[in-house]
Amino acid sequence: MGLFDIIAILITLSAVFSWINHRFLKMPTAIGLMLIALLVSLALLLPIPGNEALEADAQAMLNSIDFDAAVLHGMLSFLLFAGALHVNLFDLAKQKWVIATLASVGVIGATFLVGTGALVLFWLLGLDVPYIYCLLFGALIAPTDPIAVLGILKSAGAPKSLEVKITGESLFNDGVAVVTFLVLAEIAFGGEHVTVPGVLALFGKEAIGGLLFGLAAGGLAYLMLRRIDNYQVEVLVTLALAAGSYAAAEHLEISAPITVVVAGLLIGNHGRNGAMSQLTQEHLDNFWELVDEVLNAVLFVLIGLEILVLTLSAQYVLAGVLAIPLVLLARAISAGLPIAVMRRFRSFSPGVVTILTWGGLRGGISVALALSLPAGETRDLLVTVTYCVVVFSILVQGLTLGPVVRAMAGRADVEIERTALPDLVADESVGTEAPPPRGSAP
């Protein structure tokens, strides 16, 4: 099957599934698309006349797609750039220490918590998995995906500060998790003696190199945008920035995700304010919103279809089901402990750890990293376990996140009423203003 045929099929399926979701299911787009694709895949596995040929064709198409390359070396550059382009740098700066801590300490902590827990879990199930592979699983399942969760947070009335925390963490923890995964992969498959200074040097080169290169590439694009006023050319410059800086960073062996996020933040803020007309901004936003929607639709359809090529043994599926509470517990600890320390210096929205834990959806990056592992039984196990965690996080956590956010907001209302009651009585006696509206801590 040719490349154009594959692209045509995926776009057609994405369009049809999007129409069905919008017309009948009315779920958040990412969740609805993956659910429909998953149901279609499961239907193809049923012993129905004619299904064998369709299943074989679908498996042939999926096997011809390098999911790792398509996501990590293709879609991710545009998805991260589109996400960073619409993040307000001022809002991000106010939450910088929280985001930096969650995206670094949180990711590394979750990696070791999940890795150690997975080692015990696999041993109890009679599965012989080396600890380094368990740590690789911890690294690939650590990054959270903001795609499906942000729309839910907004519709549920989540505090703005919480949206910024989740968005900022998701943008940066992708880069940190990929770097952590690469470091662990070097230890597992590099064939050379690995030292602590060597690991730190590799981590520093990837992260700091990505930051500096992102600033340089974004700065160059900013200078180009300032010298013209033609929205077609300016949109093309941003497209080149997203693709070119990501590809160049990969060749320079520095963090491509961090590079493109930094470049996107620079263009989305300084570029928008100092180098673009209002007309250009409108076209730029419309273009990247469309790119984001189309790529996300294709990505989540692909995730739903991937079940057709998984090794679905009962033991592997059981390991995946049992890994779900492990991943959630690790997320709660890796996010909760840093926030508990930071509460001494700043306040947080009520229920922030609960929402960060339940809203930490996993997506295509986790599946892509799992599929990038060397072929073998351990890879088949980790791919199946990863898929189970991703499907649960998107379908179950994604669909119930709204009620969780509203429940936390209701709890905040009760807390505010209790603490404000004496003041309210005093206010009523002197005819002062009504109580303050429900709000959230920064």
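Sequence positions, counted from 1, serve as the residue numbers for this chain. Keep in mind that what you see is a predicted model, and the values were worked out from it rather than measured.
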Please set out all donor-acceptor pairs under 3.5 angstrom arising from side-chain atoms of residues 234-244, sequence neighbours excluded.
from : atom 1 : to   : atom 2 : distance (Å)
E234 : OE2    : N230 : N      : 3.0
E234 : OE2    : T280 : OG1    : 3.0
T238 : OG1    : V235 : O      : 2.6
T238 : OG1    : W288 : NE1    : 3.1

Review point. Applying side-chain hydrogen bond (donor to acceptor under 3.5 Å, both in side chains), which residue pairs with at least one partner in residues 254-268 are found, sequence neighbours left out?
Key: none

Exercise for review: For H73, check ring pair (Phe, Tyr, Trp, His ring centres under 6.0 Å) against everything at least two apart and list the hits.
Suggested key: none

Atom pairs and distances, donor-acceptor, side-chain atoms in residues 10-18, under 3.5 Å, two or more places apart:
from : atom 1 : to  : atom 2 : distance (Å)
T12  : OG1    : A8  : O      : 2.7
S14  : OG     : L10 : O      : 2.7
S18  : OG     : S14 : O      : 2.7

Review point. Any side-chain heavy atom of M27 sitting closer than 4.5 Å to one from M34?
Key: no

Revision key, fill the gap. With sequence neighbours left out, the residues meeting side chain to side chain contact (heavy atoms under 4.5 Å, CB included) with V390 are I303, R362, S366, V367, T386, I394

Check your understanding: Ignoring hydrogens and geometry, is there a side-chain-to-backbone donor-acceptor pair from S41 to G304 under 3.5 Å?
Key -> yes

Check your understanding: Can you list every pair that meets ring pair (Phe, Tyr, Trp, His ring centres under 6.0 Å) and has a residue in residues 356-394, with sequence neighbours left out?
Key -> none

Exercise for review: Flag this pair as yes if the NZ/CZ of R343 is under 6.0 angstrom from the six-membered ring centre of F345 and inside a 45 degree cone about the axis; otherwise no.
Suggested key: no

Check your understanding: Ignoring hydrogens and geometry, is there a side-chain-to-backbone donor-acceptor pair from Q281 to R272 under 3.5 Å?
Key -> yes

Under 3.5 Å, side-chain donor or acceptor atoms of residues 323-335 against the rest of the protein: list the pairs with distances, not counting sequence neighbours.
from : atom 1 : to   : atom 2 : distance (Å)
R331 : NE     : L356 : O      : 2.9
R331 : NH1    : E169 : OE2    : 2.6
R331 : NH2    : E169 : OE1    : 3.1
R331 : NH2    : L356 : O      : 3.1
S334 : OG     : A330 : O      : 2.8
S334 : OG     : R331 : O      : 3.2

**Study point:** side-chain hydrogen bond (donor to acceptor under 3.5 Å, both in side chains) involving Q59 - partner list, sequence neighbours excluded
**Key:** E55

Review point. Sequence neighbours excluded, which residues qualify as side chain to side chain contact (heavy atoms under 4.5 Å, CB included) partners of A256?
Key: Y246, A249, E250

Which pairs of donor and acceptor atoms, one on a side chain in residues 116-137, lie under 3.5 Å apart (sequence neighbours left out)?
from : atom 1 : to   : atom 2 : distance (Å)
T116 : OG1    : F112 : O      : 2.8
T116 : OG1    : Y131 : OH     : 2.9

Exercise for review: State which residues pass ring pair (Phe, Tyr, Trp, His ring centres under 6.0 Å) with F67; sequence neighbours excluded, sorted by chain then number.
Suggested key: none

Can you list, pair by pair, the side-chain donor-acceptor contacts under 3.5 Å of residues 78-94, counting residues two or more places apart and other chains?
from : atom 1 : to   : atom 2 : distance (Å)
H86  : ND1    : A82  : O      : 3.0
H86  : NE2    : D285 : OD1    : 3.3
N88  : OD1    : F90  : N      : 2.8
N88  : OD1    : D91  : N      : 3.0

**Study point:** Donor + acceptor pair across side chains of N273, N269 (<3.5 Å)
**Key:** no

